[in-house]
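Notes for the one structure printed next.
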Amino acid sequence: MEGLKNMMEENVERAINQLLPSMPKICACRDCKLDMATYALNRLHPKYIRSDAGAILHRFDTSSTQVETEILAMVVSAINIIGSNPHHGPEKFVSAAP
């Protein structure tokens with residue numbers, strides 16, 4: 001629906017992009033990253049907003065250690081599961097490591 005945004009998507013994307021460079025044996029291609037995000041987002045509670053004020057409130061709400069830990073734990077789980085079972089062969093492997 002136009003005008004709605006699930007802010008949890010930003011948190012999950014940020015965590016994936018932060019963690020993958022430290023895991024050089026995990027594929028970081030676009031498809032794998034989308035699969036990781038899908039896995040994590042389907043297991044986390046969505047946080048929908050429809051205004052800038054809602055975005056500010058969400059950032060304050062997700063700054064707690066408990067919420068950050070929950071997001072990171074789910075993203076690590078997604079990376080491990082998708083990384084161990086990518087939906088493509090080794091020829092499409094892309095490393096996020098520098």
Side-chain angles (χ1 to χ4, degrees):
M1 193 178 284
E2 190 174 334
L4 291 178
K5 179 168 177 67
N6 180 0
M7 291 296 292
M8 196 59 78
E9 290 179 28
E10 287 182 12
N11 294 89
V12 167
E13 181 180 9
R14 188 177 313 113
I16 289 170
N17 290 332
Q18 177 185 7
L19 293 170
L20 274 178
S22 66
M23 302 174 166
K25 295 186 181 201
I26 303 290
C27 183
C29 75
R30 182 178 186 278
D31 288 341
C32 285
K33 287 170 75 173
L34 286 172
D35 286 346
M36 292 168 193
T38 301
Y39 180 94
L41 287 166
N42 279 329
R43 287 156 181 82
L44 292 165
H45 294 290
K47 300 288 183 183
Y48 287 99
I49 58 136
R50 63 180 213 103
S51 67
D52 290 338
I56 292 168
L57 184 60
H58 168 76
R59 285 189 185 95
F60 177 76
D61 183 46
T62 59
S63 67
S64 76
T65 303
Q66 179 180 350
V67 174
E68 287 179 10
T69 302
E70 181 182 343
I71 293 168
L72 282 175
M74 192 53 62
V75 168
V76 167
S77 179
I79 289 172
N80 287 329
I81 289 170
I82 302 304
S84 297
N85 303 290
H87 290 122
H88 59 70
E91 70 282 351
K92 282 191 70 181
F93 179 85
V94 175
S95 177

Please report, to 0.1 Å, the donor-acceptor pairs under 3.5 Å made by any side chain of residues 77-87, with sequence neighbours excluded.
{"unit_1": "Asn80", "atom_1": "ND2", "unit_2": "Val76", "atom_2": "O", "d": "3.2"}
{"unit_1": "Ser84", "atom_1": "OG", "unit_2": "Asn80", "atom_2": "O", "d": "2.8"}
{"unit_1": "Asn85", "atom_1": "ND2", "unit_2": "Ile81", "atom_2": "O", "d": "3.2"}
{"unit_1": "His87", "atom_1": "ND1", "unit_2": "Asp35", "atom_2": "OD2", "d": "2.8"}

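Because its NZ or CZ atom is both nearer than 6.0 Å to the ring centre of Tyr39 and within 45° of the ring axis, Arg43 counts as a cation-pi partner of that residue.
Here the OH atom belonging to Tyr48 is positioned 13.0 Å from the CE atom belonging to Met7, to the nearest 0.5 angstrom. Summarising the geometry, atom CD belonging to Glu9 is positioned 11.5 Å from atom CG belonging to Leu44; distances are rounded to the nearest 0.5 Å. A distance of 10.5 Å separates CG of Asn11 from CD of Glu70, quoted to the nearest 0.5 Å.
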Determine whether Ile71 and Met8 satisfy the following criterion, side-chain contact (heavy atoms from CB on, under 4.5 Å), listing intermediate values before the conclusion. CA-CA 9 Å; Ile71 293 168; Met8 196 59 78; 3.6 Å; yes
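The two residues Ile16 and Lys33 come nearest to each other via the heavy atoms CD1-O, 4.0 Å. Taking every heavy atom of both residues into account, Lys47 and Asn6 meet most closely at N-OD1, 3.1 Å.
By the 4.5 Å heavy-atom criterion applied to side chains, His88 and Cys32 are counted as neighbours.
Of the listed residues (Leu20, Val12, Val75, Leu19), just one forms a side chain to side chain contact (heavy atoms under 4.5 Å, CB included) with Met36, and that residue is Leu20.
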